[in-house]
Amino acid sequence: MAKVLVAPSILAADLSRLAEEIRRVEQAGADWIHCDIMDGHFVDNISFGPSIVDFVRKQTKLPLDVHLMIEHADHYVPRFVDAGANSITVHVEPEAKLDVGKTLQQIRDSKCRVGLTLNPATDFKLVEPFLDRIDMLLIMTVHPGFGGQPFRADQMEKVKRAAAWNKSRERKSAGRTDSSGGEIDIEVDGGINPDTARVSIKNGANVLVAGTSIFHTNDYAKAIRDLRGG
Ligand code: DX5
Ligand code: ZN
């Protein structure tokens, strides 16, 4: 099984000392830094934009995992690339107002890892046509917009389907020598704590985004260890 990666979401960090917060989670064993970008249109909240991502980039060498909860993401992708994103994830819902296929290709062309995500209310069928051209599927386990919401266990069905797709992919690629056919990362985001992390991993997730359960504790190293299962 792939190593479980932990991506603290700085949405829950103390922004008045963001540099220190990033240093602390890095020292505590974080694998990526998750940056939640919200525009007040696609989701009912506004967070921060490329200039903060650029600031984060200067504080750490860890990969920056940028989650765009915005309309017209294609227009903003180049700015997040310039700011130092390593992976960029966009939403599949029509309300995100983008051409999904073109935007995934745009991210690929910019040498970032390509992520796609769907809200709890969105049918898995919408992401299926794109699975063979992404590096990561993010399964939202809360309706996006705010940290600190309870985990939606009903979303594990989607994690299982993504894991099953990875398995069938493995079979298809067996014996092939080119690099196609690799597994996609399965990331979960929202309400992730040690209990819900265990459930998510059991169902096939290998990347855990967590805000509250890391930044609202005193011991980040313990919080990250506990998410990985101790
Ligand atoms: C939800 C964001 C999440 C959120 C997670 O809108 O995409 O990344 O910050 O926060 P917690 O871990 O507090 O649910
Ligand atoms: Zn997120």
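Both counts, for ligands and for their atoms, begin at 1 and track the order of listing.
One finds the CG atom of D39 at 9.5 Å from the CG atom of L68 (value rounded to the nearest 0.5 Å). In this structure, OG on S213 lies 8.0 Å from CD1 on I192, to the nearest 0.5 angstrom. For the atom pair CG (D36) and CD1 (I70), the distance works out to 12.0 Å, reported to the nearest 0.5 Å. Atom CE of M136 sits about 9.5 Å away from atom CG of L5, to the nearest 0.5 Å.
By the 4.0 Å heavy-atom criterion, S213 is excluded from the residues contacting ligand 1. Contact analysis puts M38 in contact with ligand 1, with a non-hydrogen atom separation below 4.0 angstrom. Distances shorter than 4.0 angstrom do not occur between any heavy atom of H143 and any atom of ligand 1.
Checked against a 3.5 angstrom limit, the closest N/O atoms of D189 and ligand 1 fall inside it. Considering backbone and side-chain atoms alike, G211 places an N or O below 3.5 Å from some N or O of ligand 1. Not one N or O of V142 is nearer than 3.5 Å to an N or O of ligand 1, by distance alone. Ligand 1 has an N or O atom lying under 3.5 Å from an N or O atom of G145, backbone or side chain.
Among all protein heavy atoms, the one lying closest to atom 14 (O) of ligand 1 is G191 N, 2.8 Å. For atom 13 (O) of ligand 1, the nearest protein heavy atom (residue, atom name, distance) is T212 OG1, 2.4 Å.
For a distance threshold of 2.8 Å, the protein N, O or S atoms nearer than that to the Zn ion (ligand 2), listed by chain and number, are H34 NE2, D36 OD1, H67 ND1, D189 OD2.
When the heavy atoms of I10, D36, V43 are ranked by distance to atom 7 (O) of ligand 1, first place goes to D36.
Looking only at atom types and distance, the side chain of D14 has a donor-acceptor partner in the side chain of S16 under 3.5 Å away.
When the options Q155, E157, M156 are evaluated for a side-chain contact (heavy atoms from CB on, under 4.5 Å) with V159, the one that passes is M156.
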